[in-house]
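What follows is a set of notes on a single structure, which appears directly below.
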Amino acid sequence: IFLIHIPVLLTVIFLTLKKLHGEWSGESEQRFDFKGAVIFAAGISALIYGLSLLPALHSIWLILLGLSLLTGFFQLEKRMRDPILDVRLFFENRLFLFSSLAALFLYSASFGLSYLMSLYLQYIKAMSADTAGMVLMSQPVMIAALSPFTGRLSDRIEPRLLASAGLILNVTGYFLLSRSGMDTPLIYIILCLFTTGIGFALFSSPNINAILGAVRREQLGIASGITSTMRVLGQMFSMAVITTVFAVNMGRVQITPELYPVLLHNVQVCLVIASGLAMIALLSSLSRGDLH
């Protein structure tokens, strides 16, 4: 799984060096924000590790430390001449702020879906790993098939409308999946995954279009970096939520048939939370204003 990435990355490097020409860097006098990078890394690490240790009492101190460091990080970045994360964009640009928040909350809702459904399909539905994997492909296949079209479509239709329509599908898909039980038909699961895949395709490209279209040309690199940060933070938070729910309700135990009802309950709770996070993403998307 890891080795197969090497030829892909080498291909990307070759194409970048061979085909991409033009500016490769911004201002030559910019300095790397080492202090901000260290504080941000320490804050995220403490927060995520603390969440993973719940319900242990000492996890609370790590979570509080992480939140304190991240609060200090944002205060520091507002004063920096060359910040590693230009948080001033969030305060000066409404369209950029709410588009970024929409991305953050949708990735928080969506990233753990494959993990949750793999547990559900293999344990509750007694599928083999490869069969469960084929079922889970329902979502990424729809994303891959539709994203190129939705990206071009967002040049003609207001991105807010397309992205919000996609988020409505995501909210619906996650909530319907949270209703899955021991005897839920497989076709129901596949249709729900199709729904979330279509929703993500409608959201992703138009939302990136909105983020990059909300800033000046010289800010495109910063905006792209913040977009990646929102995605990674959302992914980390998604797994942190799942880890916390499982740690509190189940603890560190081996999953046996006797625990299947508890496992199913945990999956349902996480999917309800995912639906709620997608709803927050939808509200953020609707609040952003128009790009065109």
Side-chain angles (χ1 to χ4, degrees), residues 102-103 105-154 157 159-208 231 234-235 238-239 241-242 245-246 255 260-286:
F105 284 109
L106 181 60
Y107 279 106
S108 298
S110 63
F111 185 71
L113 179 64
S114 295
Y115 175 72
L116 291 171
M117 295 311 297
S118 69
L119 293 177
Y120 172 80
L121 293 172
Q122 291 182 80
Y123 286 103
I124 307 302
K125 305 300 287 184
M127 289 185 182
S128 63
D130 55 344
T131 303
M134 292 299 294
V135 172
L136 291 174
M137 284 294 291
S138 305
Q139 186 193 46
V141 163
M142 296 304 298
I143 296 173
L146 295 178
S147 289
F149 300 103
T150 58
R152 288 194 292 270
L153 196 60
S154 68
I157 300 175
R160 175 175 63 89
L161 300 178
L162 285 176
S164 298
L167 288 168
I168 290 173
L169 291 177
N170 275 281
V171 171
T172 303
Y174 298 140
F175 181 77
L176 291 176
L177 282 173
S178 73
R179 303 296 91 195
S180 301
M182 296 284 187
D183 302 318
T184 301
L186 182 59
I187 187 64
Y188 176 92
I189 304 298
I190 293 175
L191 288 175
C192 289
L193 291 173
F194 273 138
T195 301
T196 59
I198 295 170
F200 199 93
L202 283 171
F203 170 82
S204 184
S205 296
N207 195 67
I208 293 174
R231 181 178 67 251
Q235 292 171 345
S238 179
M239 294 309 299
V241 168
I242 293 171
V245 171
F246 274 68
I255 301 175
Y260 285 1
V262 181
L263 172 64
L264 177 60
H265 174 71
N266 287 342
V267 171
Q268 291 171 335
V269 168
C270 289
L271 288 169
V272 169
I273 294 173
S275 183
L277 291 170
M279 177 61 74
I280 298 174
L282 173 60
L283 295 176
S284 299
S285 179
L286 292 172

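Atoms considered below: every heavy atom in the structure, side chains included; atoms not considered: hydrogens, waters and symmetry mates. These numbers were taken from a predicted model, which means no experiment stands behind them.
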Is it true that a side-chain atom of [X] and a backbone atom of [Y] form a donor plus acceptor pair closer than 3.5 Å?
| X | Y | result |
| --- | --- | --- |
| S108 | S238 | no |
| S275 | L271 | no |
| T195 | L191 | yes |

What pairs with [X] under side chain to side chain donor-acceptor pair (under 3.5 Å), at least two apart in sequence or on another chain?
| X | result |
| --- | --- |
| S164 | S285 |
| T131 | S128 |
| Y107 | none |

Inset, instruction - Write out all pairs satisfying side chain to side chain donor-acceptor pair (under 3.5 Å) with one or both partners inside residues 175-191, taking only residues at least two apart or from two chains. - result: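 For residues 175-191, and leaving out neighbouring residues, there are no side chain to side chain donor-acceptor pair (under 3.5 Å) pairs at all.
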Inset, instruction - Could I get the full list of side-chain contact (heavy atoms from CB on, under 4.5 Å) partners for L153, not counting sequence neighbours? - result: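 Per chain and number, L153 pairs via side-chain contact (heavy atoms from CB on, under 4.5 Å) with R156, I157, L162.
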Legend entry - Qualifying residues under ring pair (Phe, Tyr, Trp, His ring centres under 6.0 Å), relative to Y123, sequence neighbours excluded: Y260
Legend entry - Sequence-distant partners of F105, ring pair (Phe, Tyr, Trp, His ring centres under 6.0 Å), two or more places apart: none
Check: residues 109-118 side-chain donor-acceptor pairs under 3.5 Å, at least two apart:
residue : atom : partner : partner atom : Å
S110    : OG   : L106    : O            : 2.9
S118    : OG   : S114    : O            : 3.2
S118    : OG   : Y115    : O            : 2.7

Side-chain donor-acceptor pairs of residues 138-147 under 3.5 Å, sequence neighbours excluded:
residue : atom : partner : partner atom : Å
S138    : OG   : V135    : O            : 2.7
Q139    : NE2  : T196    : OG1          : 3.1
S147    : OG   : I143    : O            : 2.7

Legend entry - Heavy-atom neighbours of M279 CE exceed 12 at 6.0 Å: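 No, because the 6.0 Å sphere around CE of M279 holds 12 heavy atoms or fewer from other groups.
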Legend entry - Beyond-backbone contact of I189 with Y120, side-chain heavy atoms, under 4.5 angstrom: yes
